[in-house]
Each structure stands twice: as structure tokens, then as C-alpha cells.
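In listed order, ligands and their atoms are each counted from 1.
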Amino acid sequence: MKSAEIKRRFLAYFEANGHTVVPSLPLPFDDPNLLFVVAGMAQFVPYFTGQQTPPFKRATSVQKCIRTPDIDEVGKTTRHATFFQMNGNFSFGDYFKEGAIRFAWELSTTSQAQGGFGLDGERIWPTVYLDDDEAVDIWHRVIGIPHERIVRRGKEDNTWDMGIPGPAGPCSELFYDRGPEYGPEGGPAVDEDRFTEYWNLVFMQYERGKSTGPHKGDYEIVEDLPNKNIDTGMGLERIATILQGVDNLYEIDETKPVLDRAAELTGRTYGAKSGHAASQSHPDDVRLRVIADHVRSGLMLISDGVVPSNEGRGYVLRRILRRAIRAMRLLGYEDPALPELLPVARDCMAPSYPEVVTDFGRISTYAYAEEEAFRHTLRAGTAIFDMQAMEVRRAGGSQLSGEKAFQLHDTYGFPIELTLEMAADQGLTVDEGGFRRLMREQQRRAKADAQAKKTGFVDTSVWRAVLEQGGSEFTGYQEVARESKVTALVGQDGVLEAAGQGDEVELVLDVTPFYAEGGGQQPDFGRITINAAGHDAELEVVDVQTPVPGVIAHKIKVLRGEVRPGDPAFALVDVGRRASVSRSHSATHLLHAALRRTLGEQAAQAGSLNAPGRLRFDFHNPSAVAPSVLADVEDEINEVLLHDLEVRAFITNPEEARRLGAIAIFGEKYGERVRIVEIGDYSRELCGGTHVARSSVIGMVKLLSEASIGSGVRRVEALVGLDAFRYLAREHVLVQQLAGDLKTPADQLPERIAATLDRLRTAEKELERLRAAAVLASAGTLAESAEMLGATRVVTAEAPSGVGAGELRSLALDVRGRLPQSEAAVVVLAAPGEKGVSFVAAVNEAGQSAGLSANDVVRAFAPVLGARGGGKADLAQGAGGDAAKLAEAFAGVRRYVAERGTG
Ligand code: ATP
Ligand code: MG
């Protein structure tokens, strides 16, 4: 059964059983602790924790997931992918253990002819938590599984929680026995490759408290949940492995063609040297599996808007792509590999994800550019490595230090595994411990930096505690001033009891009109006034951030007085700044829409900044946008402003948003409710920002520049409103000034300036020609000025300032030519210039025969000036030094001639 069919059947089965089909979240996830979605339940967390009321009691989905901790397992076990899909069914206070177990069992074992997966029930082994007798009872009594096949396991395996206080519970997992060729008898406790976990059923039945120890399950149970929930996850790739009768999940229909192509390119016969079980895998086959897995993960990540970079999600993507490329090289394939492999992965995923086809231009641009960059790195890094290896050997050592390995990693992007392998090739070892220590130090620094940037100072647990007390409500869409209450003050070291004059701290209000920086929009600034019984205060708001979703933190300076948690407050947004930022944000939407209309759908947003009076917009486009096209875009935007379109914001569900064609920005997470901002019929986007009420309020948009900021990403900067007007007004004054000075109407300035420049260039050339002619014309006079020193004729002269070295040389040779050939002659000419003196010495053949050398002349001459120079016996030259010393230097020449010429 093909993967696409498995997904279809799964959703159809649960839909027929009263579940609402919900689309997958994009892979990137906006949780500070997670980079990517790791399970199907991610989008339902607010329902499980009770923060939101679910709009349905039952849901089902096929969720795209990435688990970075599993990267190192890929290819070595039979069952771990980096990218995989989790089929899930969810119950919110509706059916519980028995319902979940019955559904899982029925779908697993119903024959394929009747729409199920047709697994042999005798080969399914359920596991349950140690004391979950209820689950044991259901498996045994209701389903009819003998006790020998129901395995009780501990907290590590069979409990579930989110690592923080909240819903938790035991789980029950379904394992399938793939048969003796995959490993020994004995059930999941003995061999998890033969007995493969394919479905996990989580029973959320109680509320857990704070952690009491370092291990999973170390917490107290606070209470039983009034509403019990179900969360299940069936690994699509795992069930496909079973149903397609292949040895591991890299061999299913969605990845095997990539693996085959890689084998073909590298000339391997996949599987020839491996057995069925994971433990019998040949390293070459493991590499081919890594390639197949990673190429697919790369495709799906870029498709969801992640781009290669050196941090966060982008780094995971970079690492995955580079591992695939490196595995190809280790198998002996040195040409660019992704252009051969990525299209195969695309064709595999197209049936379930049509966007990988429509977006392939953008996806492949990033992927191929990354491979190019990595190839470059490899070339540079290999040279450095070879040098380091040589040094180690020369010093009689056999180990590359941790610092060197770290430098290769940090500066040249060398993965440590690569360094290890290259060292082994040369018979060297690497101080891996030292390397890891340096890596940890760097990570610690980076983490501290990131935290300091995002939340002021404190770690997120403080903010989570603030959230647990109720968080903050944002009312800034409707109002810019309101009464509220201080709920928390947070400083360097955590929660504060009070803040006084001069202090800079973070302040949380229960309700606030202040917009926190987000979606590219800059934060509101403003004032907060405190008027409590016994004390009051005046606070200036200088930044607003969202340290964790649900909490709005105002960075404030206490201008006067004292503030404490619990104080009544009056919050007042700086409306001028807000209005200006809102104009920029609305203008950004118009720019986005206009660019897409003009350049095509691929011109999707990659980032933006909406600041007072100006905006920055990054978008995907493979090449530069022509100035004429940009001018059209600008024209169109300004025309749309004048149409005075109404700007409307409303809340809806993701399906409706999609139906309306709202532009969804990749990488954002959409809950059940999304906010749409539309500007007339021209632009429609999912957006949480603030906007103008009508398009005409924006006033004016002036695009300033367009440039590349990375492979396939362009950046446009623009001014908005009064700033755009002032910019144009300034330019106008400038043009008027030029027109006045050049006495030309403004519209003829370009021709006039071009013509003037042209004339100037011609005149300059003419001047140069005349000067050279004049200099050369002086040759006769100079030759006549020669003085006799013994038997040698010597010409020493200063040429006009600014004569170039070339002219000086021509002149010296000319003078030398005019002197009698039968007599020794030395010519030294010097011309002062901006960068010191330039000078030339020439000696004729008779002079050379008499033992004189132009090189020696320059050596006698240059040091006196403080210059350098040299050359041959017939001609030498140099530059530099001080022109005031010329007379002295010429005297040196004469001395030299007098000594040599007569000697
Ligand atoms: P394992 O112990 O095999 O790593 P897990 O306990 O981490 O599995 P869960 O967190 O229970 O898995 O996830 C639910 C389901 O998702 C699993 O039953 C499995 O089918 C699938 N799954 C989990 N991790 C992966 C992965 N790396 N690749 C493919 N499927 C996976
Ligand atoms: Mg796991």
C-alpha cells in the first residue's frame, strides 16, 4: 500500500468516526524550546491545557514532524527518520482509553479490502504503563489479547507529559512483530527493531505538578483531570514499512527512489552486503539511507520556509543537507549531488504535498546554493586541515588538538565527523574531548546571548511563571490608552518587589494597548503612569517584547517615583509613533501584493521590518528586479493608496483563510483562529500587526533600493508617508539647485550632465597629450644641458610636477638617445608628485662598458630622498621620498659618476 493511500485511509477512517480533519502545521514552530513540530499534538496543546476551548471534540491529522535528536539514529536503526509524518487522532474530553484502543485496533486489523490496514492481530504486542490495570483490562478483555503479549513497562517508556506542570498520563504503544529474520523472540522489551513501535496512544488523565527529580516521570500528581483527553501518533513511515514489507523506513515508496538514485550515482548495489536486521547493516548502506532521509528532510524544510543558516532551524537544515552531500562524497561521488537527488525526492512527495512541485524553483535554488557553498568550504577547509596535519606530524605528534578541530568547525564549517575521518585517513587521532568542551562553551555563550537579546535577561522559566498567573491581554487593535494593573516586575535576577527612580526593568500589565515587537513590526513606545495609594510613578516604555507567547513585557525606565506589582496603572501609547509604524506595516502588505502580482507567486515574503516612516521587505526571487519593474511596482502601490481602500481585520479559521486566498507566510503557526488583514480587494494576509484604517492614510510610498541579501532572497527598502514626502522634497531642492547652476531645465539635466562630463573627459585627455608632448619636447634642451664629469656626460634634471613615471621614462630614454653614442652618458630625471618623487636613471652602452649602472645610480640617489628603487644596468627607476632633498640627491649621482667614471 502506497504512503499516500495510508494517509488517505487513516483520515477517512477517523472522519467516518466523527473526527474533524485538521491540516498539518508547517514544520517550523514558534516555541522557544522547540525549533520544529515533533508530534501531531503540537497544534492542540491549548485545548489539552485548557487555555482554549476546542471547536470540536474529536480531530485527526497527518502532521509533518522533524525530530533533531533522532539525526544520529538515521540509517542505523530501521525506524528513525529526521522528517516523518505522524498520523493522529485526538479526543478532547470525549472518548477515552477504551475508545482509543478500539479505534487503533480496528483500523490496524480490519482487512485492506474493507478499508483497514489488514495487520495480523496475532503479531501485535501492546505495551502499557506498570500500574495501568484499566488499559491491561481493555486489551485483554475487550480486544482479546492474551496476557503474555501485553507488556507492562516503566515511566521512561510508557508515561507522557510536557516536561512542565500540566496534563500528563500513561500511554499504551502498539508494536508489530516483523518476524524472526529481524531479531530474537521476546517482545518489545527484547528487540525494538524486530518488534517495531508503530502507534502510541497517550491517555491524558491527570495534572502533574512541578518536577521533583531529574528523570522522566519525577513529579507529583496534582489531581485527576475532569476532562480526559486522547492524543495518539502513528508513524506513517513505520506502518508503511510494515505494509510494504520492506526492511526499514528508508525503503518505503516515499524515499526508496532517492536511495536507488544515490546507489546508481555511486555505483553501489544497495543491500548486497547487509542483512534484514539493523545490526547487520553495512556502512555503505547506512550512508545511502542517510542520503535518502536527509534529502527528503531538506526538501520538506525548505518547502516550509526554512533556509540554510548558522543558527537555529537554518542550522539544522544546513547540517542535514551537508550530511547528505558528505555521505555521497564518502561513497566516492564528488560532483554536485543535489541536482541529481532533490528532483527524485520531489517526485516522491508530490502526491501528498503538491507545493514541492510548484515551489521547486525556490526550493532547489536554496538547496543547490547550499551545496555550492559546502563544496567551497570543503576545498578551503581541506587545505587548512592538510596544513594542520603536517604541523602535527612535523612536531612528532599523532593527535590533532581540540582547538584545531574546533577552528575547522567554527571557521570552515567542518563537521567533527569529517575531521575525524580525514584524520584517520592520515593515521592521526583527534582530541575529541577537547573539541566537545569548546563546542559546549560556545553553545553556552550563544544561548546566553540569545536569551539576553530576547527577554532582557532572565531565563524563560520566570516568564512561564508569569504566564501561569494569567499572562497579558492585548487590546491595542481597538485602543491606544487604558486603565490596567501591574501584575509583575522582572529584573536581571528574576521577579522584583518594586522598582524606583532610574531603574530599568520589565513590567507586565494584565491588559495593555502596547504592541510587542512581532511579525516584523517594531514595538510601541509610550508612557505608563502609576497612581497607587501611598505612592505614584511616571514610567517611560522603551521596548515591548513577548518573552513567551501570552506574556507582553514592557521594558520601562522609571522616570520618577516607585512602582510595585498590584499597582493600578494608566498605559498610554505614543500615538505618533504607532500611526507611523502602522502606515509602514500596511505599506508592506501593499508592496508584498504588488511584487507578487508583478513577479509571480514565488516572490513570497522572507522577512520584513516595519519601523516609523520606513520599511524593509525581503522576498524570494532568483535574480535582481529590473529598475523599470520596480518603478512599475512603486507606481502601482501609490495608485492603490489613492483608491482609498478600506483596511479590514477579522478573525477566522485557517480553512476560510485559505479559501479567501490570504497570503500565508511560511514558517508561521496557525492556530484554530487566524487574523486576516485585507486592504480592499488588493491584499489579503494573515497578520497580527496594527494597520491604518484606509489606504489613503499611508500617504505615499517611495522605494529606495533593491539588493541581494543571500541566495535567492532580495531586499527592498522604502520610505512611507511624510518621510517619503520629505525625501522627495529634498531631492527636488537638489535638482533645482543643479538646474540653476547648470542653467538647464530640470528634465534636461541628465543629457546636460552627460555632455558636460564627456567634454571634461575629452579636455582632460587633450591636456594630458599636450603635457606629454611638452615634456618630451624638452628632450633636446635637456640633452644640451649635459655636463661633463671626466669622460661621462651627465644630465640631472627636475621635470614638471605631476609628470607620470611612464612619461619620465620616455623622456629619459629620449635624452639618452640624443647624446653621442660613443661617449659614456648618465641621465637622471625626477618629478615631484603627490606620493613623493618619481625618478628614472638611464645609462647608455658606452657608460655601461665604462662600469656605470643605472641600478647603482638609483641606489646612490634614492636613499638620499628617503625613497626606494632599482632596476638594471641600462634603466632603473623608483618613487617616494622628499622632493626638498633633490639637489642633494643629484649631487650624490655626480659623486657616483665621478668615482666610477674615472676609476
Ligand atoms: P521510538 O522509541 O521508536 O523512538 P518514540 O517513543 O520516540 O519512538 P513517540 O514519541 O511515541 O515515539 O511518537 C509516536 C509515533 O511516531 C511512534 O509510535 C512512531 O510511529 C513515530 N515516530 C517517532 N519518532 C520517529 C522517527 N524518528 N521517525 C519515524 N517515525 C517516528
Ligand atoms: Mg524516539
- Task: Begin with the C-alpha distance, continue with both residues' side-chain angles, and end with the deciding distance and a verdict on ring-ring contact (aromatic ring centres under 6.0 Å, His included) for Trp160 and Phe48.
- Result: CA-CA 13 Å; Trp160 176 91; Phe48 291 136; 7.2 Å; no
- Item | Per-atom contacts, ligand 1 versus Tyr198 - under 4.0 Å to a heavy atom | 18 (O), 20 (O)
- The single option from His19, Lys228, Arg58 passing side chain to side chain donor-acceptor pair (under 3.5 Å) against Asp94: Arg58
- Given side-chain hydrogen bond (donor to acceptor under 3.5 Å, both in side chains), test Ser108 with Tyr198 step by step and report yes or no. CA-CA 10 Å; Ser108 295; Tyr198 71 96; 3.0 Å; yes
- Message: Within the 4.0 Å heavy-atom shell around Asp70, which atoms of ligand 1 are there?
- Response: 24 (N), 26 (C), 27 (N)
- Message: Side chain, backbone, both or neither: which applies to Met86 and ligand 1 if a contact is any heavy-atom pair less than 4.0 Å apart?
- Response: side chain
- Would Glu254 and Lys7 pass as an ion pair if we require N to O under 4.0 Å? yes
- Item | For Gly233, the ligand 1 atoms whose distance to one of its heavy atoms is below 4.0 Å | 14 (C), 15 (C), 18 (O)
- Query: Thinking salt bridges, do Asp72 and Arg319 make one under a 4.0 Å N-O criterion?
  - Reply: yes
- For the pair Arg79 and Glu192, find out whether any cationic side-chain nitrogen is under 4.0 Å from an anionic carboxylate oxygen. yes
- Query: Looking only at heavy atoms of Glu237, does any of them come nearer than 4.0 Å to an atom of ligand 1?
  - Reply: no
- Query: If hydrogens are left out, which of Gln63, Arg238, Arg79, Arg67 has an atom nearest to atom 5 (P) of ligand 1, that is, the closest non-hydrogen atom?
  - Reply: Arg67
- With backbone taken as N, CA, C and O and side chain as the heavy atoms from C-beta onward, which portion of Phe84 lies under 4.0 Å from ligand 1: side chain, backbone, both, or neither? side chain
